[in-house]
Amino acid sequence: MAVQSKAFCAGGLAPGWNLLVHADSGEDRFETNFLLETGDIAFHIKPRFSSATVVGNAFQGGRWGPEQVSSIFPLAPGEPFEIEVSWDAEHFHVYAPGHKVLQFPRRQRPLGAITRVRVLSDHGLAQVELAKRGLSWGDQGY
């Protein structure tokens, strides 16, 4: 994948922080990875436009775990889109405008061990923001 954005999280992730991604075009060559210093992926999120699903997984100890697949898919192929990811002590939460798309149990403990976030796309990334703030459209009692 050609376009990427990386963020380093000094001290690791903490509850109350969110990742907001605005992509120029919806297509299958897009993914977001929450990384550990060991190279493991604590959380991998991939919208699959060809099957209208969102997949979550983790890569630990050289192996992928079982995928969690959601068919809640409010994104359109070829159209710009937004995804927002938040986390708490137990889960990653993935939102698209107006929808909670996926809740993925954290397999990596502690949360602070996750120190990097990488977003990859074959098309442009309009914005990637890692910030401490409230959700734009998520966490509304879903």
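Atom set for the values below is all heavy atoms of this structure, side chains included, hydrogens, waters and symmetry mates excluded.
Under the 4.5 Å side-chain criterion, counting only non-hydrogen atoms from C-beta, N57 is in contact with R107. V94 is listed as a side-chain neighbour of F43, based on a closest heavy-atom distance under 4.5 Å. Counting heavy atoms from C-beta on, the side chains of T32 and I83 never come closer than 4.5 Å.
The two residues A58 and A42 come nearest to each other via the heavy atoms CB-O, 3.5 Å. Residue D40 comes nearest to G62 through the heavy atom pair OD1-N, 4.3 Å, listed as atom of the first residue, atom of the second, then distance. Taking all atoms of both residues into account, the shortest heavy-atom contact from L75 to P47 is CD1-CB, 4.1 Å. Annotation for T53 and S71: closest pair CG2-CA, 4.4 Å, computed over non-hydrogen atoms. When all heavy atoms of P74 and H99 are compared, the closest pair comes out as CB-ND1, 3.5 Å. The minimum heavy-atom distance linking I72 with V54 is given by the pair O-CG2, 4.1 Å.
Rounding to the nearest 0.5 Å gives a distance of 11.5 Å between OG of S86 and NE2 of H91. Note that CG of D24 is 11.0 Å distant from CZ of F30, once rounded to the nearest 0.5 Å. Here the CZ atom belonging to R106 is positioned 7.5 Å from the CG atom belonging to D88, to the nearest 0.5 angstrom. Within the model, atoms CD of E84 and CD of E129 stand 8.5 Å from one another, a figure rounded to the nearest 0.5 Å. Atoms NE2 and CD, from H22 and E82 in turn, are 4.0 Å apart once rounded to the nearest 0.5 Å.
Annotation for W64: hydrophobic cluster partners, listed by chain and number, are L35, I41, F59 (ILVMFWY side-chain heavy atoms under 4.5 Å, direct or chained).
Under the side-chain contact (heavy atoms from CB on, under 4.5 Å) criterion, Q68 pairs with L102, F104, P105, sequence neighbours left out.
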Inset, instruction - Decide yes or no on side chain to side chain contact (heavy atoms under 4.5 Å, CB included) for F73 and S51, but give the supporting numbers first. - result: CA-CA 9 Å; F73 197 81; S51 61; over 6 Å; no
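Under the 4.5 Å side-chain heavy-atom criterion for grouping Ile, Leu, Val, Met, Phe, Trp and Tyr, V55 is not connected to W87 through any hydrophobic cluster. Hydrophobic cluster membership is shared by L130 and L111, with clusters built from Ile, Leu, Val, Met, Phe, Trp and Tyr side chains linked at under 4.5 angstrom.
Taking the charged nitrogens against the carboxylate oxygens, E37 and R116 do have a contact shorter than 4.0 Å, which makes a salt bridge.
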